[in-house]
Amino acid sequence: MIESVSASIMAPTGPRRLSLGWESAHRPSPSGRVVFVSDLSPRPRLVMPLAEHVAGYGRLPSGLTMRMALDTLRASNLTGRGGAGFPFWKKLQAVATAESRKSPVVIANGSESEPLSKKDTLLLKNNPHLVLDGISMIAGLLGAKSAYLYVKDREAHTAVNAAMRERRERGISELRVTVVEAPAGYVSGQETAVVRRIAKGPALPQFSLDRISTSGVRGAPTLLSNVETFAQVAIVLRFGADWYRQGGQGSDRGTRLLTLVGAVGRPGVYELLPGATLAELLREADAGDPRAVLVGGYFGRWVDLGTPNSTNFPMDDQTLAERKLSFGAGILGVVGHDTCPVVEAAAITEYLAGQSAGQCGPCMHGLPEISTAMARIALSSDVERGMHDLRAVIPLVEHRGGCQHPDGVIQLVRSTVGAFAEEVKLHRSGRCTARGSHTSVLLPPGATVAAGAVVR
Amino acid sequence: MRLVIDPTRCHGHGTCAQLLDEYIRLDKWHYPIVGKQKVSAGHADLLMRASQLCPELAISIVDD
Ligand code: SF4
Ligand code: SF4
């Protein structure tokens, strides 16, 4: 079954990449496993034309059945790239087998609501055809009557429209994708918020006893995944699971787009090829001698680089899991020795508390209290009380929100006081290891946290 | 039977906790914390009333 997909297509050799064709201005790292794709303010580029796209990746496979696709996706172990890291084949199967009289809906989420992330926008701007290929194949397999692309960035929107026009002009017959604009705000990219927005409601999370795979957009079985996942689907279903899994280690061996930000010489979007280590990535990014890395974005966990050999591990899902880490939203935040990671975390917590949709009591009231406690610890104003308050408030908030937002914040807070227990101890005596100004390097540009309270 | 409260709707009026004090207590912000235990058959009417009286229609009854 699995062979039937790969055998019908001449599997190409060489590295498989999402950034094929748009990394050309930059050389890969000496090991060839880290590709610097773009800086954080990419100049408008030419969208990869369809002819070039087909020359690079080949045509879409024909005669694909749901059975073949599920087998291939299952063997590939492709997991979602949006944060939760859920196996894609399971999602597809759930929607395909959902008992409903409504025809399924497919949504590709490119809203990138993590403000530090740039990889999805970049993917849509440079290689929209790969994302559209993935949507087209999945929508076709499901017999979906509607497919949506949820996007925030204006230039990405333009690129996608141009790509769709090109596909129509070339006579590609496929379900037409509707582009829906994602409003600003951290929670607008939460699964149920997207579903609500697509149904023309507000982009706010919604509580439901059902999963969206059985009852999503207007009650229809809904498959929602991140745009990078759809791009990977387009690769896996073209070349097969064996090819996708060649090289590297871990469970999902595909490449990954990561946004690397913070105290580094070369912040930007990188594509990690199988086997790449954190050390290699930091070297490529010209990180110098960093203090800590926040892996996975604002809902992520810290790696304290003060411990020996802390960067010498391959960046694959299993190795990360063994270290209690995950790719999350595909963001790595690097902190140097000028700022204190506890102060950074307190600033992020305050920002996230302000991003609560204000719908649920525990989130609305609890996050500001958690934020205040973090500020006490970060600023050495009353560490004792801060730690005490965290212990008291967290149980009142955890698992009590209508969406993952508060639990994500709690994960960050726990990781911070766990990874930097020594630093917290130092703060108790009014000291801090930061050598510099305490200006946050991980807050989104333009974000304001209580003037002077946390970030000085 | 279980009761499930939609946290995005609940405004913490606490009517439910008054009716179902065996199953629901209020946190310090007056939002309900639902206990883990199932609602006994004898309390089915009470549960029904609580779900009807909730001003935000936030309470669902799940049979399992
Ligand atoms: S948990 Fe917070 S962010 Fe999520 S729906 Fe409730 S109020 Fe909104
Ligand atoms: S009665 Fe309804 S709104 Fe009031 S606390 Fe209970 S669930 Fe919330």
Side-chain angles (χ1 to χ4, degrees), chain A residues 185-188 190-197 199 201-212 214-215 353 355-373 388-410, chain B:
Chain A
Y186 196 82
V187 299
S188 66
Q190 286 272 355
E191 186 172 90
T192 54
V194 179
V195 164
R196 257 175 119 177
R197 181 74 196 101
L204 294 172
Q206 185 172 30
F207 177 83
S208 169
L209 293 171
D210 298 316
R211 290 176 193 277
I212 65 162
T214 48
S215 175
Q355 293 293 316
S356 157
Q359 300 189 112
C360 315
C363 179
M364 193 163 51
H365 297 286
L367 291 189
E369 290 191 21
I370 291 176
S371 164
T372 304
H388 170 271
D389 289 352
L390 283 184
R391 278 191 295 272
V393 180
I394 285 175
L396 292 183
V397 179
E398 195 167 30
H399 308 315
R400 291 188 66 214
C403 74
Q404 295 307 305
H405 189 70
D407 292 357
V409 177
I410 289 169
Chain B
M1 262 184 313
R2 277 186 305 127
L3 81 151
V4 178
I5 295 179
D6 176 347
T8 65
R9 282 176 175 248
C10 168
H11 282 183
H13 306 280
T15 318
C16 56
Q18 277 172 24
L19 282 166
L20 294 163
D21 57 352
E22 278 181 50
Y23 305 97
I24 299 176
R25 62 191 176 89
L26 296 180
D27 66 18
K28 64 172 181 172
W29 308 294
H30 309 292
Y31 286 88
I33 300 174
V34 182
K36 287 226 161 40
Q37 83 272 36
K38 292 197 172 171
V39 178
S40 67
H43 288 148
D45 287 352
L46 214 53
L47 181 53
M48 197 66 81
R49 258 191 64 213
S51 92
Q52 283 162 356
L53 284 178
C54 168
E56 310 300 333
L57 301 177
I59 301 175
S60 310
I61 302 168
V62 181
D63 280 308
D64 49 9

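Labels below follow one simple rule: chain letters A, B, ... track the order of the sequence lines, proteins then strands, and each chain is numbered from 1. What you are looking at is a predicted structure, and each value in this text was computed from that prediction instead of being measured.
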* State, yes or no, whether a side-chain contact exists between B/Ile33 and A/Leu396 at a heavy-atom distance under 4.5 Å. =>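 SC-SC contact between B/Ile33 and A/Leu396 confirmed.
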* Do A/Arg400 and B/Asp27 come within less than 4.5 Å of each other through their side chains, counting heavy atoms only? -> yes
* Asked: So which of A/Gly366, A/Cys403, A/Ala357 has the biggest tally of heavy-atom pairs under 4.5 Å with chain B?
  ->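 Highest number of heavy-atom pairs under 4.5 Å: A/Gly366.
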* Option in A/Met364, A/Gln206, A/Glu369 with maximal non-hydrogen atom pairs under 4.5 Å from chain B -> A/Glu369
* Report the distance from atom CG of B/Asp6 to atom OG of A/Ser208, rounding to the nearest 0.5 Å. => 9.0 Å
* Asked: Looking at SG of B/Cys10 and CZ of A/Phe207, how far apart are the two atoms once the value is rounded to the nearest 0.5 Å?
  -> 11.0 Å
* **Interchain contact, A/Leu204 with chain B, by part (heavy-atom threshold 4.5 Å)** =>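 Contact with chain B: none, neither part.
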* Could you label the plane-to-plane angle of the B/Tyr31 and A/His365 rings as parallel, tilted or perpendicular, counting under 30° as parallel and over 60° as perpendicular? => tilted
* To do: Mark yes when over 12 heavy atoms from residues, nucleotides or ligands other than B/Met1 sit less than 6.0 Å from its CE; otherwise mark no.
  => yes
* Asked: What closest approach, in Å, do B/Thr8 and A/Pro205 show between heavy atoms, and which atom pair accounts for it?
  ->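 So the minimum-distance heavy-atom pair works out to CG2-O, 4.1 Å.
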* Of all of B/Ser60, B/Gly12, B/Pro32, which one pairs up most often with chain A through heavy atoms under 4.5 Å apart? -> B/Pro32
* Part of B/Val62 within contact of chain A (heavy atom distance under 4.5 Å) ->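 Contact with chain A: side chain only.
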* To do: Could you look at B/Ile5 and say if it's the side chain, the backbone, both or neither that has a heavy atom under 4.5 Å from chain A?
  => backbone
